[in-house]
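To start, the structure itself, in structure tokens.
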There are 4 protein chains.
Amino acid sequence: MSPRSKKQFNKIRHNRKMAIAKAAMELFAENGFDSVSISKIAEAAGVSKGLLYNYYANKEALVKEIVIDGINKMMVDLGTNFSGEMTKARLIDIIDSNIEQLKNNTRYWKIYTSVLTQPKVIELVKKEMFEIIGPFLISVSDYYRKAGVKRPMAQSYLLGSILDGMSLDFFIAPDEYPLNEVRDIIVEKLL
Amino acid sequence: MSPRSKKQFNKIRHNRKMAIAKAAMELFAENGFDSVSISKIAEAAGVSKGLLYNYYANKEALVKEIVIDGINKMMVDLGTNFSGEMTKARLIDIIDSNIEQLKNNTRYWKIYTSVLTQPKVIELVKKEMFEIIGPFLISVSDYYRKAGVKRPMAQSYLLGSILDGMSLDFFIAPDEYPLNEVRDIIVEKLL
Amino acid sequence: MSPRSKKQFNKIRHNRKMAIAKAAMELFAENGFDSVSISKIAEAAGVSKGLLYNYYANKEALVKEIVIDGINKMMVDLGTNFSGEMTKARLIDIIDSNIEQLKNNTRYWKIYTSVLTQPKVIELVKKEMFEIIGPFLISVSDYYRKAGVKRPMAQSYLLGSILDGMSLDFFIAPDEYPLNEVRDIIVEKLL
Amino acid sequence: MSPRSKKQFNKIRHNRKMAIAKAAMELFAENGFDSVSISKIAEAAGVSKGLLYNYYANKEALVKEIVIDGINKMMVDLGTNFSGEMTKARLIDIIDSNIEQLKNNTRYWKIYTSVLTQPKVIELVKKEMFEIIGPFLISVSDYYRKAGVKRPMAQSYLLGSILDGMSLDFFIAPDEYPLNEVRDIIVEKLL
DNA sequence: TATGAATGAGGCTTCATTCAT
DNA sequence: AATGAATGAAGCCTCATTCAT
């Protein structure tokens with residue numbers, strides 16, 4: 001039927017979508033959701049404005065899909081799916097990858113924290129975000145419980161907040177923030 | 001013009017400015033900087049658009065002034081100007097007021113975390129923010145040093161990040177976040 | 001308070017609104033709802049695009065208000081408010097003014113028939129239209145009943161349909177349509 | 001290529017065209033010309049956008065061809081090609097089929113009145129329409145002349161207008177319009 | 001013949017800002 | 001000091017049409 005096969009079309013679609021997502025993500029991270037126009041994204045992706053709507057229904061769907069993909073990717077990058085048992089070593093690993101990511105993979109983290117704080121965007125992503133973060137909180141809380149710590153779930157929340165706050169402050173003043181020392185304190189006092 | 005009437009004038013000016021600032025702040029907190037139009041602010045403040053520009057040069061100046069005033073106010077509300085010596089009791093006090101504010105004054109806090117993490121706004125406010133937060137970090141770091149803690153400045157940064165991260169996560173899920181228990185852990189393990 | 005008085009503002013508003021409505025009406029009548037852009041209307045009215053939204057919430061509200069005003073005006077122009085009793089003389093008068101309007105006041109009638117047949121627009125105006133046309137149908141039906149005619153309401157509907165169909169066909173071929181002769185037949189056979 | 005396969009080819013072409021025309025017609029009837037996109041038509045017809053342009057040069061050609069075909073079909077459905085002599089029985093038949101169509105085949109009729117009254121479309125179809133409607137007017141006028149009626153051509157126009165107006169009003173309020181009674185009046189007083 | 005990716009113009013709408021009064 | 005009419009740029013989005021395959 002079609003001179004271009006389904007497979008070919010799928011490949012084209014996938015590549016284009018990735019290009020758009022990448023451009024959008026970087027712009028969102030750098031400038032925030034509202035400050036980035038569809039025009040700018042299309043231009044950065046080397047694509048016409050119209051085509052963008054071939055791949056994403058609208059600007060909200062675009063940011064939603066990108067953010068959720070980004071969070072998923074982060075979780076994978078943090079080297080954990082939280083299915084196995086959590087151990088001290090794995091927790092340290094997670095914190096260290098987190099810090100490594102902050103330093104080397106600024107992009108994903110910046111959009112994550114940026115998005116976490118934009119009222120309009122958060123509503124779009126809240127539900128999916130909890131489905132991803134929930135298991136992490138539970139897994140860590142299990143670890144604390146086994147370690148005999150009081151209030152294991154609160155500890156788990158605290159650890160999450162620390163990672164969030166750390167990212168936030170690091171991005172505000174990356175040159176001054178004592179990332180490594182802060183990490184050592186966390187490991188010493190909170191695991 | 002008599003001094004008396006001039007005083008009245010200034011008072012009127014001040015009140016009007018406050019009315020505008022309050023309206024703007026609440027709208028920003030609820031909707032984010034970009035989603036709030038000058039028209040809406042003027043309307044909420046009971047003032048004409050034109051008059052608003054009589055008090056603030058433009059939308060950026062408006063948010064800048066509001067945010068900086070807000071940070072100053074927060075510092076005062078936290079009961080400290082950091083000039084005197086920092087003690088454990090005062091630190092606990094600060095943390096407790098912080099938490100109290102989060103619970104009771106959600107709206108105001110929401111805007112600061114929200115606005116402060118919007119890339120466009122951050123640039124406007126960065127400089128002033130550090131002039132305010134710097135002394136806090138130093139004061140807390142002094143406390144840790146005197147308490148004989150290793151890496152006092154990093155401890156200070158960590159404490160700041162914890163408060164930031166806690167606010168952030170609390171605003172995302174106010175009903176589930178175990179604010180009090182997290183507070184207890186902080187006091188136990190990090191002061 | 002305001003250097004321009006409320007009255008002055010109202011006058012400005014009224015004049016501008018009329019200018020926009022007039023331009024829009026002519027364009028809609030000539031080209032149909034969908035083919036007329038806000039840009040074109042604004043240009044024809046000698047007004048910026050933005051200002052148009054100061055007076056009408058959106059394109060739908062614009063056409064709705066214009067059409068309803070137009071129908072009201074037509075009714076008035078037809079010299080009747082249907083409150084008094086309907087007589088043969090008055091009916092003839094109505095038909096004659098109708099024809100006169102078709103010939104001389106093309107604008108209103110064209111938009112009326114044009115709008116009557118545009119699915120998207122009709123939904124916007126249906127309710128209000130019936131509130132205007134209903135009394136006409138009833139009034140005419142009363143006339144027929146008193147005249148002892150069978151099926152007075154159907155007669156009333158038929159008369160309405162004739163006027164509609166006549167307008168429709170006249171606008172399609174104004175030069176050939178035998179308006180006056182058709183009128184005579186109506187008067188002879190249907191009143 | 002054998003004649004056989006060529007025939008099949010043509011049949012496929014014809015079927016495809018019909019499928020497209022049918023889909024387009026229904027969409028136009030429901031939504032109006034401008035509100036229906038080529039994409040939607042293609043989708044509804046189960047055909048790619050590209051292929052659609054293989055059958056119709058552009059959107060205007062599409063609507064033009066559909067409308068003209070439709071008018072021709074209507075004439076056939078009305079049971080007349082106006083070549084033979086017009087009689088009272090045939091006229092009644094025409095009116096009755098017309099009404100039957102209005103009731104049972106609403107969709108198709110709706111598009112013709114809708115599309116035919118859209119200024120943009122009318123221009124496209126005017127010429128062809130008169131070639132079809134002209135003979136009807138003449139044929140009916142002949143009937144009236146033979147029946148000894150004054151102004152036979154005006155009577156013919158009037159009858160056409162009545163059918164048009166009746167359709168128009170019926171589509172606006174199908175549930176209330178007294179189609180059958182109106183028909184009786186027409187037959188009684190105007191044939 | 002058939003597909004759907006791709007374009008670019010143009011549509012509707014919002015909004016910060018200016019300015020006459 | 002105060003108003004709100006007015007502007008124009010820019011934002012989001014749609015769509016007829018083209019074209020490589």
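Here is how names work: the chains are called A, B, and so on, in the same order as the sequence lines, proteins then strands, and each is numbered from 1.
- The heavy-atom pair separating B:Leu27 from B:Val36 by the smallest distance is O-CG2, 3.4 Å.
- With contacts defined as side-chain heavy-atom distances shorter than 4.5 Å, the pair A:Ile38/A:Tyr53 qualifies.
- Among the heavy atoms of the strands lying under 4.0 Å from A:Tyr55 are primed sugar atoms or P, OP1, OP2 only; no base atom is included.
- The side chain of C:Ile12 has F:dA6 as its nearest neighbour among E:dT1, F:dA6, F:dA1.
- Atom CZ of C:Arg16 and atom C1' of F:dT7 are 11 Å apart (whole Å).
- Taking atom NZ of A:Lys11 as the reference point, atom C1' of F:dA20 lies 15 Å away to the nearest angstrom.
- For the pair A:Leu52 and C:Gly50, both in contact range of DNA chain E, the more 5′-proximal nearest nucleotide belongs to A:Leu52.
- Between the side chain of B:Glu26 and the main chain of B:Ala23, no donor-acceptor pair closer than 3.5 Å is present.
- Every side-chain hydrogen bond (donor to acceptor under 3.5 Å, both in side chains) that B:Ser35 has, sequence neighbours left out, goes to A:Lys120.
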Tabulated below should be each protein N or O lying under 3.5 Å from an N or O of nucleotides 11-13 of chain E; please produce it.
unit_1 : atom_1 : unit_2  : atom_2 : d
E:dC12 : OP1    : C:Lys59 : NZ     : 2.9
E:dC12 : OP2    : C:Ile38 : N      : 2.6
E:dT13 : OP2    : C:Tyr53 : OH     : 2.6
E:dT13 : OP2    : C:Lys59 : N      : 2.9
E:dT13 : O5'    : C:Tyr53 : OH     : 3.3

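- Taking the centre and axis of the six-membered ring of C:Phe33, the NZ or CZ atom of C:Lys59 falls inside the cone set by 45° and 6.0 Å.
- Each of E:dT21, F:dA5, F:dA2 was ranked by its minimum atom distance to the side chain of B:Leu51; first place goes to F:dA2.
- In this structure, the NZ atom of D:Lys64 is 18 Å from the C1' atom of F:dA16, given to the nearest Å.
- Among E:dT1, E:dT3, F:dA1, the nucleotide with an atom closest to any side-chain atom of D:Arg13 is E:dT1.
- For a distance-only test at 3.5 Å, the side chain of C:Arg4 qualifies as a donor-acceptor partner of the base of E:dA20.
- The side-chain tip of D:Lys64 does not point at the ring of D:Tyr56 from less than 6.0 angstrom away and within 45° of straight on.
- Separating the CD1 atom of A:Ile41 from the P atom of F:dG11 is a distance of 11 Å, rounded to the nearest angstrom.
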- Query: What dot-bracket string describes DNA chain F from 5' to 3', counting Watson-Crick and G-U wobble pairs whose defining distances are under 3.5 Å, with [ ] for crossing pairs and | for pairs to another strand?
  - Reply: .||||||||||||||||||||
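- Whole-Å rounding puts the D:Ile20 CD1 to E:dT1 P distance at 12 Å.
- B:Asn10 has its CG atom 11 Å from the P atom of F:dA1, to the nearest Å.
- Straight-line distance from the NZ atom of C:Lys17 to the P atom of F:dG4: 16 Å, rounded to whole Å.
- Put simply, the side chain of B:Arg13 reaches to within 4.5 Å of the side chain of B:Asn54, judged on heavy atoms.
- Mapped onto DNA chain F by nearest heavy atom, C:Asn54 and A:Gln8 fall at different nucleotides, with C:Asn54 at the one closer to the 5' end.
- Salt bridge status for C:Lys49 with C:Glu43: absent, with no side-chain N to carboxylate O gap under 4.0 Å.
- In this structure the side chain of D:Ile20 never reaches within 4.5 angstrom of the side chain of D:Ile66, judged on heavy atoms.
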